[in-house]
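To start, the structure itself, in structure tokens.
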Amino acid sequence: MQVVSDIQSLRTQIKAWQQQGLTIGFVPTMGNLHQGHLSLVTEAKKRADKIVASIFVNPMQFGAGEDIDNYPRTMAADQAKLIEQGCELLFTPTPDVIYPKGLDKQSFVEVLQVSDGYCGESRPGHFRGVATVVCKLFNLVQPDVACFGLKDYQQVQVIQTMVEDLNMPIDIVPVATKREDSGLAMSSRNGYLTAEEKAAAPVLYQSMQWLAEQIQHNDDFIGLAKQAEAKINAAGLQVDYLNIVHARTLQPASDDDKALVILAAAYCGKARLIDNLQVTINQ
Ligand code: PAF
């Protein structure tokens, strides 16, 4: 696997592949790779000839109180995992490569509507940072296909909407969430959990599964969501939001909607866990 940190080396390799008529699959990450990320590489490999990954802890998507300096960085282990997975090129830029003028003078991409609410409300500016960096990475890598984990459901909708609204010729592939045996969604942030918190954390997904069953035969979405929230809080987590919404627009679900998603975030000790569950109403 070739590892490059500068734009010129990246573009030279991408151009060489494009001239040979090869297609490019892209997996953008912030590193600290786990099985979830590696499954993105596996999916990309099914769809493209050459696989490019990036590791960049993007300062633009972290809020003022969020601790970017302590975000886990495990570059050597990440590289070994990507080699084993068959990734061909890894882009590891520093912030001054991506934002040479500094964040204040950087033009940005703001995706309307699907960026609002949920994580967009709890983390102001977060999705502007995500959309901007993903747009820049897309322009640098010029992928045919890019894979994103569905654990970050709202992020996938933001990126899909950006690609549609701005006519980017890229196929966005959402990939199913990888889970621990306990049901806990794999996340780099799980590393912040103590043993006791890790034992409590699966209540988040369990309560969402309970909720998914209930809404098949009861359309009191708000009342049921409140009950699920109470179960999660009773187990020692603190719910940030838990909503039943339309799967594509992310607007609050109405009685007629059939394709829904439950979106949730909860604090567990220092970690802010997010998860979601897609539900198709059968009747
Ligand atoms: O999901 C992530 O790890 C990040 O938000 C992404 C898409 C790599 C952009 O920085």
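As the structure is a computational prediction, the values presented were derived from the model and not from experiment. Ligands are counted one by one from 1 in listed order, and the atoms in each one are counted from 1 as well. Worth knowing before you read on, the calculation uses all heavy atoms, side chains too, and leaves out hydrogens, waters and symmetry mates.
Neither Phe56 nor Leu33 shares a network with the other; the hydrophobic side chains, linked directly or stepwise wherever heavy atoms of I, L, V, M, F, W or Y lie under 4.5 Å apart, form separate groups for each.
Residue Pro28 approaches ligand 1 through these ligand atoms, each under 4.0 Å from one of its heavy atoms: 8 (C). Interface atoms of ligand 1 facing Val133, defined by a heavy-atom separation under 4.0 Å, are 9 (C), 10 (O).
Heavy atoms of other residues, nucleotides or ligands lying less than 6.0 angstrom from CD1 of Ile83 number more than 12.
The nearest non-hydrogen atom to atom 9 (C) of ligand 1, considering only Met60, Lys151, Met30, Gln61, comes from Gln61.
Residue, atom and distance of the protein heavy atom nearest to atom 2 (C) of ligand 1 are Gln155 NE2, 3.9 Å.
In terms of N/O distances under 3.5 Å, ligand 1 is not approached by Asn58.
Scored by the ring pair (Phe, Tyr, Trp, His ring centres under 6.0 Å) test, Tyr267 finds no partners at all (sequence neighbours excluded).
Checked against the 6.0 Å centroid threshold, Tyr71 and Phe62 count as a close aromatic pair.
The shortest distance between side-chain heavy atoms of Val141 and Ile14 falls below 4.5 Å.
With a 4.0 Å heavy-atom cut-off, ligand 1 is reached by the backbone of Thr29 but not by any atom from C-beta on.
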